[in-house]
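For reference, the structure is listed below as structure tokens.
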Amino acid sequence: MASAAAPAATDSTLPPPLEQLRHLAGELRFLLPGVRVGEARETTKEFDRETFWRRLREAAMAVSRAATTLTEVFSRLPLPSPQETQKFSEQVHASIKAIIAVYYSLPKDQGITLRKLVRSATLDIVDGMAQLVEVLYITPTQSPENLISYNSVWEACQQVPRIPRDNKAAALLVLTKSVDLVKDAHEEMEQAVEECDPYYGLLSDIEEDNSDSHGDEEDILGCPSNRDSYWSEEDQELIIPCLALVRASKACLKKIRLSVAENGKKDQVAQLDDIVDISDEISPSVDDLALSIYPPVCHPTVRINCAKLVSVLKKALEITKASHVTPQPEDSWIPLLINAVDHCMNRIKELTQHEVEL
């Protein structure tokens with residue numbers, strides 16, 4: 001009788017299952033800031049790349065298994081007992097702590113770009129698990145939210161084997177994403193210019209829907225007024241060199257990526273990180289320029305955004321030129337692109353000079 005009563009007594013001292021899940025979610029959320037700003041742990045051991053990636057894969061698989069078990073037992077009735085919940089919670093917490101520990105074991109000298117990718121993957125897993133636990137204690141029976149949250153954790157864990165294994169591969173991945181972002185921005189700008197209507201389709205649909213309830217002079221909520229919805233002739237003239245500058249930005253990124261692919265060395269991690277850091281600024285600068293050409297266009301603002309983009313482009317080209325990925329800088333493509341960027345900027349200055357002087 002004594003042995004039978006012991007588990008019941010232990011059970012009674014534990015919080016209810018859903019309360020344990022709520023506490024677990026809070027613990028997981030508490031770990032996130034540390035991962036975002038945490039540094040690599042100092043060690044005297046020599047870094048073993050193969051061992052690191054094996055441990056990271058195994059840790060991700062353990063998280064995935066823990067998420068599967070937790071989802072299964074809390075998606076049906078009856079819910080687990082407090083003791084069973086404690087066991088499942090400890091498994092989840094231990095698996096998350098383990099993958100964070102593996103991330104911390106990646107030294108800085110393996111490359112900041114690579115560490116950022118591993119950190120991002122780790123954050124996705126920890127945040128996904130925290131969200132799953134939150135959903136399970138809010139809706140602890142089978143529901144679409146449970147499956148969606150579980151799939152997010154599973155997908156985050158599946159991404160781990162796809163992370164680049166060295167800093168050069170990581171740099172190429174990040175540069176490729178930057179090229180794609182600038183390419184998309186350029187295509188959107190070109191489409192708007194070809195249609196000669198920056199809000200093509202948007203205003204006409206809303207005006208038709210609101211024609212019975214709004215006067216002709218009244219602005220449509222969330223959209224510019226009709227007089228501000230089109231480009232003037234001066235605007236259209238200014239957009240031409242702006243488009244050329246964005247096109248030059250895309251060319252710069254593509255050439256930088258090609259140079260890294262052809263000449264980049266895995267052991268030159270600091271130079272690769274420098275190239276990626278400055279190249280990462282190109283896409284946001286292009287976005288700022290693209291947004292500023294939508295009417296009503298403020299020409300001085302366009303000029304400022306163009307100047308910022310030119311500054312970033314030149315810095316990216318100079319850093320690339322001074323690095324090992326450009327073995328013969330005097331015969332390179334870099335001076336040609338710098339001249340193209342300068343030509344665009346000079347034309348933009350000409351077209352905006354009058355308004356700047358006012």
**Message:** Could you tell me if N146 and T139 have a donor-acceptor pair between their side chains, going purely by distance under 3.5 Å?
**Reply:** yes
**Nearest atoms (heavy-atom pairs only) where L136 meets L18** = O-CD2, 4.2 Å
**Item:** Pairs touching residues 299-314 that satisfy side-chain hydrogen bond (donor to acceptor under 3.5 Å, both in side chains), sequence neighbours left out
**Value:** D235-H299, S292-N305, H299-E355, R303-T352, R303-Q353, K314-D342
**Asked** Do the side chain of S152 and the main chain of I148 share a donor and acceptor less than 3.5 angstrom apart?
**Response** yes
**Message:** For E318 and K321: C-alpha separation, side-chain torsions, deciding distance, then whether side-chain contact (heavy atoms from CB on, under 4.5 Å) applies.
**Reply:** CA-CA 5 Å; E318 290 298 333; K321 181 180 178 180; 4.2 Å; yes
**Complete:** Residues passing the ring pair (Phe, Tyr, Trp, His ring centres under 6.0 Å) test with F52, sequence neighbours excluded, are F47
**Fill in**
The complete set of salt bridge (charged side-chain N to carboxylate O under 4.0 Å, His left out) pairs with one or both residues in residues 149-161, sequence neighbours excluded, reads E155-R162
**Fill in**
The reported gap from CD in E145 to CD in E134 (rounded to nearest 0.5 angstrom) is 13.5 Å
**Request:** Can you sort out the partners of E350 under salt bridge (Lys or Arg N to Asp or Glu O under 4.0 Å), two or more places apart, ordered by chain and number?
**Result:** R347
**Request:** Could you tell me the separation between the CG atom of L181 and the CG atom of L253, rounded to the nearest 0.5 Å?
**Result:** 9.5 Å
**Asked** Linking I/L/V/M/F/W/Y whenever any side-chain heavy atoms sit under 4.5 Å apart, do Y137 and L24 land together?
**Response** yes
**Request:** Measure the shortest side-chain to side-chain distance between L313 and L245 over non-hydrogen atoms and say whether it is less than 4.5 angstrom.
**Result:** yes
**Prompt:** With the 4.5 Å side-chain cut-off for hydrophobic clustering, are I99 and L32 part of the same group?
**Reply:** yes
**Side chain proximity check, H23 to P15, heavy atoms < 4.5 angstrom** = no
**Set of side chain to side chain donor-acceptor pair (under 3.5 Å) partners for E234, sequence neighbours left out** = S232
**Request:** Mind running side-chain contact (heavy atoms from CB on, under 4.5 Å) on I278 and D274 for me, showing each step along the way?
**Result:** CA-CA 6 Å; I278 186 61; D274 288 343; over 6 Å; no
**Item:** L123 vs R36 side-chain heavy atoms within contact, under 4.5 Å
**Value:** yes
**Asked** If Ile, Leu, Val, Met, Phe, Trp and Tyr residues are connected whenever their side-chain heavy atoms lie under 4.5 Å apart, and connections chain through other members, are Y150 and M61 in the same group?
**Response** no
**Prompt:** Mind checking what makes salt bridge (Lys or Arg N to Asp or Glu O under 4.0 Å) contact with E19, not counting sequence neighbours?
**Reply:** R22
**Request:** Decide yes or no for S178 and I282: does some side-chain heavy atom of the first lie under 4.5 Å from some side-chain heavy atom of the second?
**Result:** no
**Message:** Looking at every non-hydrogen atom in both residues, tell me the closest pair between K168 and L272 and how far apart they are.
**Reply:** CA-CD1, 3.8 Å
**Request:** Return the set of residues passing side chain to side chain donor-acceptor pair (under 3.5 Å) with R55 (not counting sequence neighbours), or none when no residue passes.
**Result:** none
**Request:** Could you list the residues that satisfy side chain to side chain donor-acceptor pair (under 3.5 Å) with T113, not counting sequence neighbours?
**Result:** D273
**Request:** Apply the test side-chain contact (heavy atoms from CB on, under 4.5 Å) to residues F74 and T85: give CA-CA distance (whole Å), side-chain angles for both, the deciding distance (0.1 Å), then the verdict.
**Result:** CA-CA 9 Å; F74 276 92; T85 301; 3.6 Å; yes
**Prompt:** Picking from T71, L28, L21, what satisfies side chain to side chain contact (heavy atoms under 4.5 Å, CB included) with L132?
**Reply:** T71
**Prompt:** Can you tell me how far CG of L175 sits from CG of D180, rounded to the nearest 0.5 angstrom?
**Reply:** 11.0 Å
**Prompt:** Heavy-atom count around H324 NE2 within 6.0 Å, excluding the residue itself: above 12?
**Reply:** yes
**Request:** Verify, without hydrogens or angle tests, whether S323 (side chain) and T320 (backbone) share a donor-acceptor contact under 3.5 angstrom.
**Result:** yes
**Item:** Min side-chain heavy-atom separation C157-V153 under 4.5 Å
**Value:** yes
**Distance-minimising heavy-atom pair for V269 and Q110** = CG1-O, 3.9 Å
**Fill in**
Value for CH2 (W154) from CG (N151), rounded to nearest 0.5 Å, stands at 8.0 Å
**Message:** What I'd like to find out is whether the side chain of N167 reaches to under 4.5 Å of the side chain of K266, using heavy atoms alone.
**Reply:** no
**Message:** Testing the basics here: between R257 and T176, what is the closest heavy-atom pair and its distance to 0.1 Å?
**Reply:** CD-OG1, 3.4 Å
**Message:** My understanding is that only residues two or more places apart in sequence, or in another chain, count here; which of them pass side chain to side chain donor-acceptor pair (under 3.5 Å) with E72?
**Reply:** none
**Item:** Rounded distance [0.5 Å steps], CH2 in W333 versus CG in L317
**Value:** 5.5 Å
**Message:** For V92 versus L70, what's the shortest heavy-atom pair and its separation?
**Reply:** CG2-CD2, 4.0 Å
**Message:** When you group the ILVMFWY residues by side-chain heavy-atom contacts below 4.5 Å and let the links chain together, are L258 and I334 in the same group?
**Reply:** no
**Prompt:** What distance separates D184 CG from M189 CE, expressed to the nearest 0.5 Å?
**Reply:** 13.0 Å
**Item:** Shortest non-hydrogen separation from V246 to V182 and the atoms involved
**Value:** O-CG1, 4.1 Å
**Asked** Does the salt bridge (charged side-chain N to carboxylate O under 4.0 Å, His left out) test come out yes or no for R54 and E58, once each step is laid out?
**Response** CA-CA 6 Å; R54 175 179 55 77; E58 290 173 353; 3.5 Å; yes
**Request:** Would you mind reporting whether E84 and V73 have side-chain heavy atoms less than 4.5 Å apart?
**Result:** no
**Prompt:** So which pairs with a foot in residues 87-101 pass side-chain hydrogen bond (donor to acceptor under 3.5 Å, both in side chains), sequence neighbours left out?
**Reply:** none
**Message:** Between W231 (side chain only) and I293 (backbone N and O only), is there a donor and an acceptor less than 3.5 Å apart?
**Reply:** yes
**Message:** Within the structure provided, determine whether W53 and V160 are in side-chain contact (heavy-atom separation under 4.5 Å).
**Reply:** no
**Request:** Report whether V193 and V297 are members of the same hydrophobic cluster (ILVMFWY, side-chain heavy atoms less than 4.5 Å apart, transitive linking).
**Result:** yes
**Fill in**
Residue set satisfying salt bridge (Lys or Arg N to Asp or Glu O under 4.0 Å) with R65, at least two apart, ordered chain then number -> none
**Message:** Using a 3.5 Å distance criterion without hydrogens, assess whether the side chain of S105 forms a donor-acceptor pair with backbone atoms of V102.
**Reply:** yes
**Where at least one partner belongs to residues 114-130, residue pairs that pass salt bridge (charged side-chain N to carboxylate O under 4.0 Å, His left out), sequence neighbours excluded** = R29-D127, K116-D277
